[in-house]
Structure formats: C-alpha cells, structure tokens
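Single-structure report; data block below.
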Amino acid sequence: MRKKWFLAAIGLFLLYVFSIYIYLFHGADTSIPDSLNGTSVDPKTFMDDETLENSETYSKIRNFFFFISTPLEWLFLGIVLVSGLSKRLDRWGRDSWKRQFVQTGAYVFWISLLLFVVFLPLSYLRYKISLSYGISTQVFSSWMKDNLIEFWVDYAMTAIVVIVLYWLIRKSPKRWWLFGWLLSIPFTIFVMFIQPVVIDPLYNEFYPLQNKELEEKILTLAAKADIPADHVYEVNMSEKTNSLNAYVTGVGTNSRIVLWDTTLNSLDDDEILFIMAHEMAHYVEKHIYLGIGGYLLLTLAGLWLTDKWMKRSIRKRGELYQLESMQEIASLPLFLLITSILLFAANPITNYVSRVQETRADQYALKMTDNPEAAITSFQKLSESGLSQMNPALLVKLFRNSHPSMLERIQLAKEYEETHGK
C-alpha cells in the first residue's frame with residue numbers, strides 16, 4: 001500500500017510540474033493588449049530588447065519555482081509521514097528526553113533541519129539564477145548567513161507555536177483550535193511589534209535616512225497626511241540586490257517606513273515622494289491593522305478546518321500514516337501539510353484583498369503628490385530593476401501577486417493624468 005502511495009504521489013507531482021511548465025512557458029499569454037503598444041505601459045518604450053527578453057524569461061522561471069516549491073513541500077511531508085520517519089523521530093525523542101516539551105522541541109528541530117537540507121539546493125538554484133540575471137548582488141557567504149539566520153528564527157517561532165498547540169491538543173482535544181487561536185492574537189501582535197527592531201536587523205542594517213533634504217520633504221508629506229513621524233529609515237540592500245523597494249512594517253510605536261538604498265540610488269526625489277506617499281497610505285488607511293484582523297480570521301477558520309481534516313484523515317488512513325491520534329507529535333507533518341494546503345488555497349483571497357489595498361494606496365499617492373508622471377516613471381523603473389512582467393499570467397495574478405500588475409498601475413496613473421490634465 002505504501003509503495004503504491006509513493007508511486008502515485010511522485011507521479012502526480014511530476015505531472016503537476018509538467019503542466020505548470022507548459023502553462024507558464026508556452027500556454028499563458030503575457031503580452032500587453034495591441035491598443036497599448038507604444039504607450040508608457042509598453043515595456044518596449046522603456047526597456048531595451050535584452051532587458052525585455054530577460055524580464056519575460058526571469059519572471060517565468062521565478063513563477064515556476066513558486067508554483068512547484070509548495071507542492072514539493074507537500075510531497076516531502078507526505079513521505080516523512082508515510083515512510084514512518086515521523087514515527088521514528090517521535091520515538092527517538094521520547095527515548096532521549098523525559099520532559100514532553102523538550103521532546104516536542106527536539107522533534108521540531110529535526111523536521112526543520114530536514115526541510116532546510118532538502119530545500120537548500122532549490123534555494124541555491126534560485127539564488128544562482130538571480131545572480132545570473134543581475135537581480136542578486138549577494139556573495140555566497142552572505143546568502144548562506146541569511147539562510148542560517150532564517151533557519152534559527154523560523155525554528156524558534158515554530159517550536160514555540162508547536163509546543164503550545166500540542167499541549168493544548170492533549171489537554172483539550174475538542175477545543176484546542178479555539179484556545180490556540182485566542183493565544184495567537186497576542187502572539188501575532190507581539191511578533192509584528194518586535195519585527196522592525198529585533199528580527200529585521202538580523203538580516204540588514206537600518207539607519208535614519210542620510211539625505212536630510214529628502215527626509216525633510218518626506219516628513220513634510222507625512223505631516224500633510226497627519227502621520228506622526230520623526231525619521232524615515234533606509235536599509236543597505238545594494239550589497240544583496242539591484243531591485244527597488246519601500247515598505248511599512250511594525251505596529252504601534254515600532255511602526256517604520258523603510259526605503260531600500262537601491263531605491264534612493266535609482267529614483268529621483270519626485271519618484272521617491274510618490275513611493276513614500278503610497279507607503280503612508282497604508283498607515284493612513286490602517287492597512288496593517290486590517291491585515292492583522294484578516295490574518296486572525298483566516299487563522300481561526302484554518303485551525304478549525306485543520307482539526308476536522310486531521311481527525312478524519314487519522315480515522316480513515318491512520319494505518320498508512322502510522323498514527324493513532326493527532327495528540328502524537330508524529331502527526332506534525334500531517335498538521336503542516338494540511339495548513340500549507342489551506343494557506344495555498346487561500347492565496348487568491350488574501351492576494352485580492354492586498355491588491356485592493358495597494359490600488360487604494362496608489363490612488364492616495366496620486367492625489368497627495370498630484371504627480372502622475374513621477375508615478376509612471378517609478379513604476380517603469382521598478383519593472384526594469386526587478387525584471388517584472390507587465391502583464392503576468394492569470395494563475396500568477398491569483399496565487400502570487402499581492403500587488404496589481406505594473407500594466408494596471410501605470411494605467412491608473414495615466415487615467416489620473418488624463419482626468420486632471422497633468
């Protein structure tokens with residue numbers, strides 16, 4: 001039975017990989033409409049032929065990796081479960097440690113390490129491809145350091161969550177999901193609060209914007225929007241990438257507006273002010289807090305569905321999975337598999353909400369700066385520096401894109417320009 005499962009699972013995965021490859025590289029139409037040829041939306045007007053070709057190829061490769069990585073993780077977790085490796089790791093932990101929370105922490109470590117080792121070659125391949133296309137500028141030692149930091153940060157977070165959840169599962173098998181969700185509320189807010197000052201600095205160096213003249217312009221813009229801000233932060237990303245970015249992070253007194261130094265080096269002041277106005281819109285419209293609320297609602301639904309799905313799976317296929325109940329830590333791969341499937345399935349919803357918020361932020365920035373030309377040129381430069389497709393495939397938009405396509409964003413700026421006579 002297990003041999004048939006392995007063959008079926010691997011066969012389905014390979015069929016899926018082939019189908020995604022055909023769709024992304026040969027099936028999906030990513031060209032812009034003929035009516036937009038020669039306009040500011042047309043990448044031929046601001047990219048040379050080589051850059052345009054690279055943007056299409058690199059985007060397809062990056063999207064291909066996105067679509068195969070998560071199902072590959074599902075396959076790996078299934079193999080760990082069905083092969084009996086999960087059961088052996090559980091038994092080894094119980095034989096080696098007396099305290100249950102230590103056993104759980106040790107089990108999480110080995111599962112995390114297996115995932116890290118198995119997926120490291122795939123991460124390295126993506127890193128090498130990014131280097132070859134001139135997106136990444138990071139040396140291998142720095143890249144590996146970031147991976148190791150990410151491993152330990154993820155392990156610490158996962159271990160805390162799993163130890164608490166499995167303690168709840170054992171204490172309250174019927175209501176663990178509700179108690180777990182209630183505890184996730186302060187935990188989520190706490191993590192978001194410490195993110196800018198504890199976690200992010202592990203990867204990069206942050207400091208107040210060095211260009212004081214530009215900082216004064218940005219703070220004036222912030223005052224216009226009634227945003228209490230004393231500093232704008234920049235981060236040294238040029239050692240790692242040529243891409244451009246700016247973002248809002250944190251909650252409460254730890255909220256920060258952050259600019260990558262690559263953005264500062266590539267955009268002029270008007271373009272940066274538009275980008276900053278966009279980021280300020282997220283603060284003004286409470287998008288961070290709305291995002292936390294939406295995340296918590298999805299977490300509640302996800303934990304409830306995970307409870308029902310896990311119990312039914314163990315009841316029907318417990319022999320195949322070598323599980324007797326979900327209270328065993330050996331059931332963690334099944335837990336991770338189900339939650340990963342649910343998160344992937346929720347991507348179209350969460351991405352749609354995010355795209356609506358990003359569109360509103362663009363509209364806000366256009367009104368605040370009243371400079372659609374700066375918006376258009378900043379979008380063009382963002383596309384060129386990141387080798388982004390102007391009009392991604394439908395599945396990419398649904399499952400991956402948290403922002404509107406550059407075609408849609410430039411069109412929005414053009415409509416504002418036409419309406420306001422700029």
Side-chain angles (χ1 to χ4, degrees), residues 70 73-74 76-119 148-192 194-195 198-199 295-296 298-311 313-314 318 321-344 346:
T70 302
E73 181 181 304
W74 300 345
F76 171 77
L77 291 170
I79 290 173
V80 169
L81 198 62
V82 175
S83 68
L85 177 58
S86 181
K87 197 73 171 180
R88 288 195 291 274
L89 288 173
D90 180 16
R91 191 179 301 116
W92 177 83
R94 284 187 276 109
D95 291 342
S96 302
W97 310 95
K98 292 184 179 180
R99 294 186 179 275
Q100 199 167 60
F101 78 91
V102 179
Q103 296 170 10
T104 302
Y107 180 92
V108 172
F109 173 78
W110 289 115
I111 288 293
S112 299
L113 185 61
L114 281 171
L115 280 166
F116 178 78
V117 171
V118 168
F119 282 88
L148 291 173
I149 292 172
E150 184 177 18
F151 168 78
W152 286 110
V153 170
D154 286 351
Y155 166 68
M157 296 274 195
T158 305
I160 292 170
V161 170
V162 172
I163 288 170
V164 172
L165 280 181
Y166 271 80
W167 180 80
L168 289 171
I169 289 170
R170 296 179 186 115
K171 293 294 182 181
S172 179
K174 292 184 178 180
R175 293 287 182 269
W176 69 270
W177 55 271
L178 179 59
F179 299 133
W181 177 74
L182 291 172
L183 288 175
S184 75
I185 298 173
F187 182 75
T188 300
I189 295 172
F190 173 73
V191 170
M192 292 198 70
I194 66 169
Q195 178 93 26
V198 176
I199 299 175
Y295 169 79
L296 290 174
L298 285 175
T299 300
L300 176 61
L303 288 173
W304 179 79
L305 287 170
T306 299
D307 175 67
K308 303 304 178 188
W309 195 343
M310 280 189 74
K311 287 175 179 174
S313 296
I314 293 172
Y321 300 152
Q322 303 183 49
L323 295 174
E324 295 177 4
S325 76
M326 68 181 294
Q327 297 178 22
E328 305 172 65
I329 189 59
S331 69
L332 181 60
L334 180 60
F335 181 95
L336 295 175
L337 173 61
I338 290 172
T339 53
S340 180
I341 291 172
L342 292 175
L343 283 171
F344 190 79

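As the structure is a computational prediction, the values presented were derived from the model and not from experiment.
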query = Does the side-chain contact (heavy atoms from CB on, under 4.5 Å) test come out yes or no for Leu183 and Leu168, once each step is laid out?
reply = CA-CA 11 Å; Leu183 288 175; Leu168 289 171; 4.0 Å; yes
request  = State, yes or no, whether a side-chain contact exists between Trp176 and Lys171 at a heavy-atom distance under 4.5 Å.
outcome  = no
query = Quick one: CG on Leu332 to CG on Asp90, what's the gap to the nearest 0.5 Å?
reply = 10.5 Å
message = Between Lys174 and Asp307, is there a side-chain heavy-atom distance shorter than 4.5 Å?
response = no
ask   = Are side-chain heavy atoms of Thr339 and Leu303 found at a separation under 4.5 Å?
value = no
inquiry  = According to side chain to side chain donor-acceptor pair (under 3.5 Å), who are the partners of Trp110, at least two apart in sequence or on a separate chain?
reply    = none
key: Over 12 foreign heavy atoms within 6.0 Å of OH, Tyr295   = no
ask   = So Phe109 and Leu113, side-chain contact (heavy atoms from CB on, under 4.5 Å) or not? Walk me through it.
value = CA-CA 6 Å; Phe109 173 78; Leu113 185 61; 4.1 Å; yes
Set of residues satisfying side chain to side chain donor-acceptor pair (under 3.5 Å) with respect to Thr70, sequence neighbours excluded = none
ask   = Is there a side-chain contact between Arg88 and Trp92, using heavy atoms and a 4.5 Å cut-off?
value = no
ask   = Shortest non-hydrogen contact from Pro333 to Val80?
value = CG-CG1, 4.0 Å
remark   = Sequence neighbours excluded, the answer for side-chain contact (heavy atoms from CB on, under 4.5 Å) partners of Leu305 is Leu342
ask   = Checking Ser331 side chain against Glu328 main chain: does a donor-acceptor pair fall under 3.5 Å?
value = yes
N/O donor-acceptor pair under 3.5 Å between Gln327 side chain and Tyr166 backbone = no
ask   = Do the side chains of Trp177 and Ile169 get nearer than 4.5 Å, heavy atoms only?
value = no
query = If you take all heavy atoms of Ile314 and Ser325, which pair is closest and at what distance?
reply = CD1-C, 3.7 Å
message = Any non-hydrogen side-chain atom of Phe187 less than 4.5 Å from a side-chain atom of Val164?
response = no
key: Member of Thr158, Ile163, Leu89, Val161 meeting the side chain to side chain contact (heavy atoms under 4.5 Å, CB included) criterion with Val108   = Thr158
task = Please report the C-alpha distance between Phe335 and Leu165 in whole Å, then the side-chain angles of each, then the deciding distance to 0.1 Å, and finally whether the side-chain contact (heavy atoms from CB on, under 4.5 Å) criterion is met.
result = CA-CA 11 Å; Phe335 181 95; Leu165 280 181; 3.7 Å; yes
Any side-chain heavy-atom pair of Leu81 and Leu337 under 4.5 Å = no
query = In terms of ring plane angle, is the pair Tyr155 and Phe151 parallel, tilted or perpendicular, where the classes change at 30° and 60°?
reply = parallel
ask   = Can the ring centres of Trp74 and Phe344 be said to be less than 6.0 Å apart?
value = yes
ask   = Got a second to check how far Leu85's CG is from Leu77's CG, nearest 0.5 Å?
value = 11.0 Å
query = At what distance, to the nearest 0.5 angstrom, does CH2 of Trp304 lie from CH2 of Trp309?
reply = 12.5 Å
ask   = What distance do Gln100 atom CD and Ile329 atom CD1 have between them, rounded to the nearest 0.5 Å?
value = 9.0 Å
ask   = Asp154 and Phe116: side-chain contact (heavy atoms from CB on, under 4.5 Å), yes or no, with the steps?
value = CA-CA 10 Å; Asp154 286 351; Phe116 178 78; over 6 Å; no
query = Does any donor atom in the side chain of Ser86 or Tyr107 lie under 3.5 Å from an acceptor atom in the other side chain?
reply = yes
query = Under 3.5 Å, is there a donor-acceptor pair between the side chain of Ser83 and the main chain of Ile79?
reply = yes
task = Check Lys311 against Pro173 and note the closest heavy-atom contact, atom names and distance.
result = NZ-O, 2.9 Å
query = How far does CD1 of Ile199 sit from CE of Met192, to the nearest 0.5 angstrom?
reply = 10.5 Å
ask   = Distance-only, no hydrogens or angles: does the Ser184 side chain make a donor-acceptor pair with backbone N or O of Trp181 under 3.5 Å?
value = yes
